[in-house]
Amino acid sequence: MLKKIGPGILVAAAFVGPGTITICTIAGVKFGFALIWALLVSIVCTIILQEMAGRIGVLTQKGLVDVIGSQLTKKWTKNLVLGIVLAAILIGNAAYEAGNIGGATLGLNAIFEMPLVFPIYPLLVGFLAFGILWFGSYKSLEKIFMGLVGMMGLCFVIAAILTKPSLIEIVKGAFVPTLPEQSVLTIVALVGTTVVPYNLFLHASLVREKWGSEKDLSLMRWDTLVSVGVGGLVSIAIIITAAAADLDNVTNAVDMAKAMEPLFGKMALYFMGLGLLLAGITSAITAPLAAAYVASSCFGWKDGMKDPKFRLIWISILFLGVFFLSFDIKPIQVIQFAQVANGVLLPIMAVLLLWMVNQKKVMGSHVNKPIQNVVGVLIVLFAIFLGVKSIFKVLEFF
């Protein structure tokens with residue numbers, strides 16, 4: 001079974017980052033088990049969208065940008081869409097890379113109980129990510145991420161079990177949708193940190209490294225289902241831990257771990273700290289990788305991960321993340337632009353994906369079935385809602 005797991009595990013590693021962990025922690029602290037259903041919905045949406053992206057990648061043996069460019073015949077439309085994609089991915093990932101590295105440093109703080117020493121922790125994480133990307137091939141990345149995600153999942157699941165949660169309340173929160181007061185923005189955030197636009201590009205590019213024909217579609221679907229499901233389980237475990245611990249005034253996973261220490265001992269602190277460290281490292285690797293794949297497709301670079309231009313992109317994204325964090329630079333305007341760009345990109349990508357998987361000249365006999373289109377339309381509408389919400393949230397700051 002493990003041999004069949006592939007690119008999907010990198011997708012899972014990408015969306016279970018420090019941002020997801022923080023949002024899940026806050027959701028559990030504020031609303032208990034009540035919002036687990038929202039996370040389940042977002043996991044289902046992610047599986048459906050990633051399957052579409054993976055199907056396109058396997059059948060066409062091209063990245064999403066290449067396929068989109070070939071289907072948009074009008075030059076101005078093509079340039080506009082590709083420009084939005086490139087800006088959202090490059091600037092967005094550069095802005096959020098500092099958060100990924102920052103999450104890993106928080107995990108190191110929790111494990112070693114030492115304050116952040118300027119700028120040792122960010123540099124350590126940056127060098128580790130650099131080494132994995134520079135020396136790693138796709139096959140080695142796959143194995144590394146399988147190990148990292150497995151360890152991360154184990155850490156958070158053990159932390160959840162330590163709290164001895166109520167199974168009845170968990171089932172109720174998962175399958176009885178409720179909208180507690182002031183929970184709408186948290187629900188939007190839960191979905192927004194799980195359904196990530198850049199993962200669609202990453203997945204479509206990576207499946208080509210593992211599979212090469214339509215006979216492999218069932219393997220791709222299995223990989224997507226299991227990998228995203230594991231990522232979802234990790235997120236649910238974090239909500240359960242935060243909810244069952246019955247804590248107040250917690251803003252991130254490390255706060256939760258420290259608050260749990262008197263109740264559950266040092267082990268809770270170490271498991272949460274290690275989980276956050278692994279989540280930060282995996283996201284710090286996948287974000288630059290996705291940016292490099294998108295730029296590679298946009299500019300027609302064909303030599304893969306060892307191409308000097310490909311490496312220059314991910315090195316730049318990684319450097320900016322370490323730089324912003326090491327010198328305590330808060331690129332607020334850049335991050336706000338990234339939020340707006342991603343808010344625009346998600347519905348655009350959802351629409352384009354739905355359109356492309358219905359094109360027989362692209363998909364052959366593997367176009368969407370009617371039920372897939374119905375679900376796809378619902379996801380598109382939801383993506384538009386999320387996009388508008390994220391844009392208005394940014395505009396509140398001005």
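Keep in mind the model is a prediction, meaning the values are calculated, not measured.
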Can you give me every donor-acceptor pair (side chain of residues 14-21, partner residue at least two apart or in another chain, under 3.5 Å) with its distance?
residue : atom : partner : partner atom : Å
Thr20   : OG1  : Phe15   : O            : 2.4
Thr20   : OG1  : Thr193  : O            : 3.2

From [atom1] ([X]) to [atom2] ([Y]), nearest 0.5 Å:
X: Phe201; Y: Ser296; atom1: CZ; atom2: OG; answer: 13.5 Å
X: Leu128; Y: Leu123; atom1: CG; atom2: CG; answer: 12.5 Å
X: Met363; Y: Ile56; atom1: CE; atom2: CD1; answer: 5.5 Å
X: Leu10; Y: Leu289; atom1: CG; atom2: CG; answer: 7.0 Å
X: Leu108; Y: Leu124; atom1: CG; atom2: CG; answer: 7.0 Å
X: Met349; Y: Leu49; atom1: CE; atom2: CG; answer: 9.0 Å

Would you say the side-chain atoms of [X] pair up with the backbone N or O of [Y], donor to acceptor, closer than 3.5 Å?
X: Asp223; Y: Gly8; value: yes
X: Gln50; Y: Asn199; value: yes
X: Thr282; Y: Ala279; value: yes
X: Ser183; Y: Thr186; value: no
X: Trp37; Y: Ala34; value: yes
X: Asn100; Y: Gly280; value: no
X: Ser297; Y: Val294; value: no
X: Thr241; Y: Ala160; value: yes
X: Gln61; Y: Trp211; value: yes

Using the rule that two of Ile, Leu, Val, Met, Phe, Trp, Tyr join whenever any of their side-chain heavy atoms come within less than 4.5 Å, decide whether [X] and [Y] are in one cluster.
X: Val362; Y: Leu352; answer: yes
X: Leu219; Y: Val230; answer: yes
X: Phe135; Y: Met146; answer: yes
X: Ile47; Y: Leu378; answer: no

Is there a side-chain contact between [X] and [Y], using heavy atoms and a 4.5 Å cut-off?
X: Trp355; Y: Gln71; result: yes
X: Pro180; Y: Leu35; result: yes
X: Val191; Y: Val41; result: no

Pairs flagged by side-chain hydrogen bond (donor to acceptor under 3.5 Å, both in side chains) wherever residues 356-368 is involved - sequence neighbours left out: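 side-chain hydrogen bond (donor to acceptor under 3.5 Å, both in side chains) check on residues 356-368 returns Arg55-Asn368, Glu214-His366, Asn358-Asn373, Asn368-Asn373.
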If you take all heavy atoms of [X] and [Y], which pair is closest and at what distance?
X: Leu277; Y: Ala104; result: CD1-O, 3.4 Å
X: Phe156; Y: Gly275; result: CZ-C, 3.4 Å
X: Leu190; Y: Ala27; result: CD1-CB, 4.2 Å

Between Tyr293 and Phe310, ring centroids under 6.0 Å: yes
